[in-house]
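Here the structure is laid out as structure tokens; the discussion comes afterwards.
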Amino acid sequence: MTHVVETPASDETRKILKGIAAQIGYPIRAPLLKSPEDYGLKYDRVSFLSLDGVPLEAWFIPCEGSDKLVIANHPLWFNRYGLPAHLEPWKSIGGPLNAFEVNYVPDYKILHDEGYNVLAYDMRNLGQSGSANGGISSGGRLEARDVLGSIQYARTDPRLKGMTLGLFSRCQGCNATIYAMAESPDTFEGIRCMVAPQPLSVRVAIEQLLAAMGLDEHIGIVEQELKAINSFRLSEMSPVPFAKHVRIPTLLYQVKDDALTRPDDIQGMFDNIPIPEKELIWIEGTSSRWDGYLYFQRKPERMIAWFNQYMH
């Protein structure tokens, strides 16, 4: 990244920068517009507690005769259903390239039909889950407690305990999973694998956004404003250095020309995973990040093969 000299910002520019920090630091909730029932799936609404006691809402989608469970989470602003980005105000979040709905329920249908039970949950401050930490987002740092709570629930609930576990950790949900691995490595003993679309460093996403707006010299102001909200430096909200704590087979995938990040970010995570059981899939032919979120339902074969390889 070329070094950019910080310059004073006008009052109007500072207001824009403050708005960017607020959109990230105080994420708006999105409604759940679809449910498993819409796809002919039987399911139960369940709830459990994060590691620090935040109530998390979830769907449990049983697969009769299966003892394999995939635990799924989601990106920032999203929830277990996805994101109604065809509607405002959520349409504006990802910009014109991402102004379409992301519906994750077909993912769960695919997993179910392939023989997997699914536990899909809303992370704190999103979807229907409880508010926590004053409603702030932390790029996955505090959300790591939700990941740990979901695993604890899977291991203690009478219907789920004893099942073979795999993780489907999306974007900020993957960030949170990686931070959880650093904080509580023993929790991940026995978890067979992870499929992980599009984790990213918060700094890189902000840099890309500011560059597109011609405001890249003001990254320091956004960092200051965001830290005023959640008390984290941008360097503390990057999973790249924490990827060295990943000890389970991990399949990453990413839109290569994603306008909201850079290839070197996820490449750095992949390179830092210290085990040979890892793979990185590049999605080409688009610069829409949301296309990466829909990649599983469009071309599920390699991800299903990953789960099958390590969970059977």
Side-chain angles (χ1 to χ4, degrees), residues 32 35-37 39 41-74 79-81 104-105 107-124 126-130 132 140 142-170 173-174 176-196 245-251 275 277 296 303-304 306-312:
L32 283 68
S35 80
E37 185 178 16
Y39 292 82
L41 294 170
K42 294 181 179 180
Y43 75 103
D44 293 321
R45 298 178 185 274
V46 299
S47 64
F48 53 88
L49 298 180
S50 69
L51 193 66
D52 56 352
V54 180
L56 304 178
E57 300 297 321
W59 294 324
F60 172 60
I61 304 169
C63 180
E64 188 174 353
S66 171
D67 64 350
K68 300 184 293 293
L69 176 68
V70 172
I71 304 174
N73 60 23
H74 58 81
N79 54 49
R80 66 195 124 138
Y81 137 75
Y104 282 144
V105 184
D107 293 11
Y108 311 139
K109 168 73 169 168
I110 292 168
L111 286 164
H112 171 273
D113 291 352
E114 290 289 336
Y116 294 92
N117 299 278
V118 177
L119 178 68
Y121 66 97
D122 296 339
M123 304 187 84
R124 64 186 58 207
L126 297 167
Q128 294 180 320
S129 285
L142 299 174
E143 294 81 1
R145 301 167 186 174
D146 303 342
V147 174
L148 296 171
S150 71
I151 296 170
Q152 183 178 57
Y153 174 72
R155 285 178 168 157
T156 56
D157 180 79
R159 286 189 296 179
L160 307 185
K161 64 181 181 181
M163 287 190 178
T164 299
L165 301 182
L167 304 177
F168 191 8
S169 298
R170 304 176 176 109
C174 178
T177 302
I178 292 173
Y179 298 137
M181 289 172 171
E183 294 171 15
S184 184
D186 291 349
T187 299
F188 294 85
E189 290 292 330
I191 293 180
R192 298 295 183 84
C193 64
M194 176 167 67
V195 169
H245 298 284
V246 176
R247 292 291 193 276
I248 64 175
T250 296
L251 172 62
I275 59 173
E277 298 83 9
F296 181 92
M303 287 75 78
I304 290 296
W306 194 263
F307 282 127
N308 289 347
Q309 179 179 352
Y310 292 105
M311 292 183 69
H312 281 277

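- The six-membered or imidazole ring of Tyr108 lies away from that of Tyr39, with a centre-to-centre distance of 6.0 Å or more.
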Please determine whether side-chain contact (heavy atoms from CB on, under 4.5 Å) holds for the pair Ile191 and Ile151, giving the CA-CA distance in whole Å, both sets of side-chain angles, and the decisive distance to 0.1 Å. CA-CA 9 Å; Ile191 293 180; Ile151 296 170; 3.6 Å; yes
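- Summarising the geometry, atom CG belonging to Leu41 is positioned 10.5 Å from atom CG belonging to Leu111; distances are rounded to the nearest 0.5 Å.
- Closest approach of Leu32 and Tyr81 over heavy atoms only: CA-CD2, 3.8 Å.
- Expressed to the nearest 0.5 Å, how far CD1 of Ile61 lies from CG of Leu69 amounts to 10.5 Å.
- Within 6.0 Å of the CD atom in Gln309, the count of heavy atoms belonging to other residues, nucleotides or ligands exceeds 12.
- Ring-plane geometry between Tyr43 and Trp59 is classed as perpendicular, the angle between the planes exceeding 60 degrees on a 0 to 90 degree scale with a lower cut at 30.
- Here Leu56 contributes atom CG and Glu143 contributes atom CD; the two are 11.0 Å apart, rounded to the nearest 0.5 Å.
- Between Leu167 and the options Ile248, Thr250, Val70, a side-chain contact (heavy atoms from CB on, under 4.5 Å) holds for only Ile248.
- To the nearest 0.5 angstrom, Leu148 atom CG is 10.0 Å from Met181 atom CE.
- The CZ atom of Phe168 sits 11.0 Å away from atom SG of Cys174, with the distance rounded to the nearest 0.5 Å.
- Ser184 places no side-chain N or O within donor-acceptor distance of the main-chain N or O of Ala180, the cut-off being under 3.5 Å.
- Using a distance-only test at 3.5 Å, with no hydrogens or angles considered, a donor-acceptor pair links the side chain of Asp122 to the main chain of Gln128.
- The minimum heavy-atom distance linking Lys161 with Pro158 is given by the pair CG-O, 4.1 Å.
- With hydrogens and angles disregarded, a donor-acceptor distance shorter than 3.5 Å links the side chain of Ser129 to the backbone of Glu57.
- Under a 3.5 Å cut-off, the side chain of His245 and the backbone N or O of Ile178 do not form any donor-acceptor pair.
- Scanning all heavy atoms of the two residues, the minimum distance from Val54 to Gly130 falls at CG1-O, 3.6 Å.
- Taken to the nearest 0.5 Å, the CG atom of Asp67 stands 10.0 Å off from the CG atom of Leu165.
- The backbone N or O of Thr187 lies less than 3.5 Å from a partner atom in the side chain of Arg155, making a donor-acceptor pair.
- The nearest pair of heavy atoms linking Ile71 to Ala154 is CD1-CB, 3.9 Å.
- In terms of heavy atoms, Met123 sits closest to Val147 at CE-CG2, 4.3 Å.
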CA sep, side-chain torsions, deciding dist, call: Tyr121, Phe48, ring pair (Phe, Tyr, Trp, His ring centres under 6.0 Å): CA-CA 9 Å; Tyr121 66 97; Phe48 53 88; 5.8 Å; yes
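- Side-chain atoms of Arg145 do not come within 3.5 Å of backbone N or O of Ser50 as any donor-acceptor pair.
- Taking 4.5 Å as the limit, every side-chain heavy atom of Asp107 sits out of range of all side-chain heavy atoms of Met303.
- Looking at every heavy atom in both residues, Ser47 comes nearest to Tyr153 through O-CE1, 4.2 Å.
- Although no hydrogens or angles enter the test, the distance criterion places a donor-acceptor pair under 3.5 Å between the side chain of Asp157 and the main chain of Arg159.
- Judged by the 6.0 Å distance and 45° axis criteria, Arg170 is not positioned over the aromatic ring of Phe296.
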Show me the donor-acceptor pairs within less than 3.5 Å that the side chains of residues 113-120 make with the rest of the protein, sequence neighbours left out.
residue, atom, partner, partner atom, Å
Asp113, OD2, Lys109, NZ, 3.4
Tyr116, OH, Phe307, O, 3.4
Tyr116, OH, Asn308, N, 3.2
Tyr116, OH, Asn308, OD1, 2.5
Asn117, OD1, Cys63, N, 2.7
Asn117, ND2, Ser66, O, 3.1
Asn117, ND2, Ser66, OG, 3.4
Asn117, ND2, Lys68, O, 3.0

